[in-house]
Amino acid sequence: MYEQVSHSLLNAILDDLKPEIRRQDLRHFYTRLGANFYAIYSLFFTLYGHRVDFKAQMLRLVETMARGYIDRSAELERIDIEREQDHNWFLSQKWVGMALYTNGFADNLADLVTKTAYFQELGINLVHIMPILMCPTGKSDGGYAVSDFRQVDDRLGDLNDLRRVAEEFRKRDILLVLDVVMNHTSDEHEWARKASMGDSRYQDYYFVFDNREIPDMFEQTMPQIFPESAPGNFTWNAQMQKWVMTVFHDYQWDLNYSNPEVFIEMLDIILFWANQGVDILRLDAVAFLWKKIGSSCQNERNAHLILQLMKDCCQVTAPGVLFIAEAIVTPLEVIKYFGEDAIIAKECEIAYNATLMALLWDAIATQNTKLLYQGVKNLPAKLERATWLNYVRCHDDIGFGFDDNDIRAAGYEPYAHRQFLVNYFSGQFEGSPARGMVFMRNETTGDARISGSLASLAGLEAGQENNDQGLIDAAIKKILLLHSLILSFGGIPLFYNGDALGVVNDYGYRDDPGKSDDNRWIHRPKINWDRAELRKKQGTTEYSLFNAMKKMIAIRKETSAFADFNNREVVEVDNSHLLCFIRFNHDRPSERVLVVANFDANPQYLDLYLLRSRGIDPFGQFIDAYSGGKPAQYDRRIVLQGYQFYWLTEI
């Protein structure tokens with residue numbers, strides 16, 4: 001594509017801008033638009049250049065970006081400029097996140113503002129508030145079936161409450177993360193309602209078909225996301241007398257991004273939330289954005305082009321805002337959501353490290369690190385200006401979608417090993433202390449996932465039920481071990497609401513008709529703030545967990561080697577119970593931390609002689625940054641107690 005063509009079009013667009021836009025002070029906007037326009041034009045042309053209304057849609061696109069810029073406050077524009085000047089700001093080790101449901105952490109958004117001090121007490125400075133947008137009662141998919149993209153669910157508050165949360169967070173240097181559901185809307189969204197009433201314009205916002213001919217062609221290669229509760233990928237709409245693509249649930253209609261109006265509408269929504277003070281937007285279900293007959297309709301190249309275009313447009317209007325890719329796919333696929341063929345992230349700056357999460361749970365169940373090592377070694381290198389969200393638990397289920405070749409390389413048979421993991425974490429394996437529940441078992445393939453809180457999966461619930469102090473102590477050690485790794489691995493660690501307090505499964509969801517058919521609500525409890533006060537009382541589980549995590553977070557923030565600049569070396573050691581890696585300061589490589597974790601219940605040793613090739617002196621002396629003491633060491637070996645971890649520096 002010739003740049004002259006794009007520049008000529010840009011001049012024409014600027015001449016045609018609405019008078020109310022042209023009159024504004026758009027100095028920074030025009031600078032960024034000029035710098036990004038060729039990329040925006042090229043992507044938009046690749047996706048929509050075949051359409052007769054291409055130029056008109058390009059004008060709409062630029063006007064949408066300009067309106068977003070005009071609506072941006074002076075304070076947010078100041079933050080944009082600061083972040084442009086320090087473009088690696090989010091790779092710092094100082095960021096530590098927490099994910100929560102508003103009504104699980106507080107009563108509503110107004111009440112959340114009053115509890116913000118809790119984040120600072122623990123050391124959290126990035127908060128992902130799970131979906132808060134308007135959803136139908138009973139058909140919300142946990143907030144991911146949105147009926148109005150610009151309104152807060154009135155059960156949680158309103159836009160003014162959200163703005164107060166954003167303002168309070170800014171005062172305390174806490175980043176605000178919110179979701180935008182990119183792939184679908186609720187069937188009660190205004191667009192879907194108009195489509196149901198026969199409006200052809202809005203029917204083009206979705207995938208709508210008169211008969212089963214094309215849907216059946218899609219179904220030949222499309223997998224089912226929820227085979228138990230939502231089989232198939234299309235739903236018959238009686239009012240419209242047509243079939244609608246509904247990949248997730250029958251009440252979630254998939255958006256048609258081959259229509260540029262859909263892209264522009266969703267960009268406008270993203271800029272709207274950026275202008276409410278959101279620092280990071282979590283883009284939900286991005287792997288599904290482009291549909292093509294004959295494919296799985298996941299991870300399509302055009303889905304990546306959509307995200308690249310969205311990022312370029314957002315950089316013009318709100319360059320301080322980051323994107324998280326919610327793409328729970330294989331490592332080779334998820335890495336592409338940072339942006340292929342680029343040095344810096346051109347799609348999303350942040351992606352979920354779901355593979356690491358699952359691998360950590362595998363190591364807990366097996367008490368060895370064979371598969372964990374295999375998976376970490378095969379985790380593709382990320383881009384320079386991109387980072388992972390590392391987490392132990394989240395609001396969702398745990399899937400064991402490891403690469404079969406990795407499982408075999410670790411010495412297991414793939415099918416049998418996955419069955420073991422499902423049985424172990426659902427408490428069906430003899431001797432397992434885990435109290436999870438099987439989620440979405442596929443009787444044909446045997447695949448299944450696991451629901452359950454971190455504390456219950458680690459054995460804390462079983463220990464408390466049986467008044468078994470040994471089980472309780474082991475569970476606490478496992479919880480701290482897992483968090484020590486997400487805090488030191490490289491990326492932004494993301495805690496889940498309640499995990500720092502040892503909150504166990506909540507079985508009350510069974511009595512709620514809107515939740516009883518989805519056992520993931522077992523690990524989405526409401527915090528009991530009276531019980532949370534026990535974090536201040538020595539001798540309680542809450543005190544042990546909260547204060548240990550608070551200490552780990554504080555140490556992480558002071559350890560420059562824990563920043564994320566591709567500064568991790570995985571070290572294989574002659575002990576299958578240990579995970580070992582080195583983190584180093586990317587500016588001063590001699591400043592490094594040796595991270596060692598023992599997944600076995602019994603003491604294990606690390607042979608320092610095996611680390612000579614990494615510059616570690618086997619006769620050297622070490623200090624543990626977490627405990628402040630020297631590790632047990634003799635005969636060139638460091639001893640780790642059961643479920644112990646070290647953050648070691650040489651002295």
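Checking side-chain atoms of Thr102 against main-chain N and O of Leu156 turns up no donor-acceptor pair under 3.5 Å. Distance alone, capped at 3.5 Å, is enough to place a donor-acceptor pair between the Asn547 side chain and the Arg535 backbone. Here the side chain of Ser147 pairs a donor or acceptor atom with the backbone of Met134 at under 3.5 angstrom. Panel note: side chain Arg385, backbone His87; a donor-acceptor pair is recorded below 3.5 Å. In terms of modelled atom types and a separation under 3.5 Å, the side chain of Thr317 and the main chain of Met65 share a donor-acceptor contact. Proximity of a side-chain donor or acceptor of Arg393 to a complementary backbone N or O of Gly452 within less than 3.5 Å is detected. Judged by distance alone, the side chain of Gln93 and the main-chain N or O of Lys557 form a donor-acceptor pair under 3.5 Å. The backbone N or O of Ala285 lies less than 3.5 Å from a partner atom in the side chain of Glu326, making a donor-acceptor pair. A donor-acceptor distance shorter than 3.5 angstrom exists from the side chain of His523 to the backbone of Arg520, with no hydrogens or angles considered. Asp564 places no side-chain N or O within donor-acceptor distance of the main-chain N or O of Leu91, the cut-off being under 3.5 Å.
At least one side-chain heavy atom of His128 sits less than 4.5 Å from a side-chain heavy atom of Met130. Between Tyr337 and Asn299 the shortest side-chain heavy-atom distance falls below 4.5 Å. Inter-residue side-chain proximity for Leu33 and Leu14 is flagged as met; some heavy-atom pair is nearer than 4.5 Å. Between Ile40 and Asp312, some side-chain heavy-atom pair lies under the 4.5 Å cut-off. Looking at Phe495 and Leu487, their side chains come closer than 4.5 Å, going by heavy atoms from C-beta outward. Counting heavy atoms from C-beta on, the side chains of Trp89 and Glu82 never come closer than 4.5 Å. Proximity of Ile270 to Met182: side-chain heavy atoms (C-beta onward) are separated by under 4.5 Å at one or more points.
Side-chain contact, His395 with Asn497: no donor N or O sits under 3.5 Å from an acceptor N or O. Between the side chains of Ser560 and Asn585, a donor-acceptor pair is found at a separation under 3.5 Å. A donor and an acceptor atom, one from each side chain of Asn567 and Arg583, are located under 3.5 Å apart. For the residue pair Tyr496 and Ser453, no side-chain donor N or O sits within less than 3.5 Å of a side-chain acceptor on the partner.
Between Tyr118 and Trp529, the gap from one ring centroid to the other is short of 6.0 Å. Taking the six-membered ring for Trp and the full ring otherwise, Phe119 and Phe105 have centroids separated by under 6.0 Å. Aromatic ring centres of Trp388 and Phe489: separated by at least 6.0 Å.
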For a salt bridge (Lys or Arg N to Asp or Glu O under 4.0 Å) check, start with the C-alpha distance between Lys194 and Glu190, then their side-chain angles and the critical distance, and finish with the verdict. CA-CA 6 Å; Lys194 289 180 176 179; Glu190 179 187 14; 3.1 Å; yes
Determine, step by step, whether Arg170 and Glu167 satisfy the salt bridge (Lys or Arg N to Asp or Glu O under 4.0 Å) criterion, reporting the C-alpha distance in whole Å, the side-chain angles of both residues, the deciding distance to 0.1 Å, and the verdict. CA-CA 5 Å; Arg170 278 198 299 279; Glu167 183 180 357; 5.8 Å; no
Any chance you could lay out the salt bridge (Lys or Arg N to Asp or Glu O under 4.0 Å) test for Arg27 and Glu77, step after step, and finish with the verdict? CA-CA 12 Å; Arg27 178 167 52 96; Glu77 174 68 5; over 6 Å; no
Would Tyr144 and Phe248 count as a ring-ring contact (aromatic ring centres under 6.0 Å, His included) if you check the C-alpha gap in whole Å, the side-chain angles of each, and the deciding distance to 0.1 Å? CA-CA 10 Å; Tyr144 292 100; Phe248 286 84; 9.2 Å; no
Run the salt bridge (Lys or Arg N to Asp or Glu O under 4.0 Å) test on Glu121 and Lys536 for me, step by step, so that the C-alpha distance in whole Å, both residues' side-chain angles and the decisive distance to 0.1 Å come before the verdict. CA-CA 11 Å; Glu121 181 186 353; Lys536 302 171 184 176; 5.3 Å; no
Passes side chain to side chain contact (heavy atoms under 4.5 Å, CB included), Asn302 versus Tyr257? Steps please. CA-CA 9 Å; Asn302 280 7; Tyr257 279 91; over 6 Å; no
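Applying the ring-ring contact (aromatic ring centres under 6.0 Å, His included) test to Tyr543 and every residue at least two apart in sequence or in another chain returns nothing. By the ring-ring contact (aromatic ring centres under 6.0 Å, His included) test, Phe44 pairs with Tyr48, Phe54, sequence neighbours left out.
Relative orientation of the His249 and Tyr251 rings is parallel, given thresholds of 30° and 60° on the angle between their planes. Note: Trp647 and Tyr626 have perpendicular aromatic rings, judged against thresholds of 30 and 60 degrees for the angle between ring planes. The aromatic rings of Trp521 and Tyr101 lie tilted to each other, with the angle between the two planes from 30° to 60°. Phe149 and Trp191 have tilted rings, their planes meeting at an angle from 30° to 60° on a 0 to 90° scale.
Heavy atoms only, all atoms of each residue included: Gly399 and Arg449 are closest at CA-CG, 3.5 Å. Taking all atoms of both residues into account, the shortest heavy-atom contact from Gly491 to Arg556 is O-NH2, 3.1 Å. Heavy atoms only, all atoms of each residue included: Ala192 and Asp187 are closest at CB-O, 3.5 Å. Minimum heavy-atom separation, Val177 to Leu126: CG2-CD2, 3.7 Å. Scanning all heavy atoms of the two residues, the minimum distance from Pro525 to Val504 falls at CG-O, 4.5 Å.
Rounding to the nearest 0.5 Å places CD of Gln276 at 9.0 Å from CG of Leu76. With rounding to the nearest 0.5 Å, the separation of CE in Met266 from CZ in Phe272 is 13.0 Å. If you take CG on Leu133 and CG on Leu178, they are separated by 7.5 Å, rounding to the nearest 0.5 Å. Here the CG-CG distance, from Asp506 to Asp512, works out to 10.5 Å after rounding to the nearest 0.5 Å. To the nearest 0.5 angstrom, Met549 atom CE is 6.5 Å from Asp499 atom CG.
Annotation: Arg531, atom CZ; neighbour count of heavy atoms from other residues, nucleotides and ligands within 6.0 Å does not exceed 12.
Of the listed residues (Asn103, Asp153, Asp161, Leu159), just one forms a side-chain contact (heavy atoms from CB on, under 4.5 Å) with Leu109, and that residue is Asp161.
With a 6.0 Å cutoff to the six-membered ring centre and a 45° limit on the axis angle, Lys311 counts as a cation-pi contact of Phe323.
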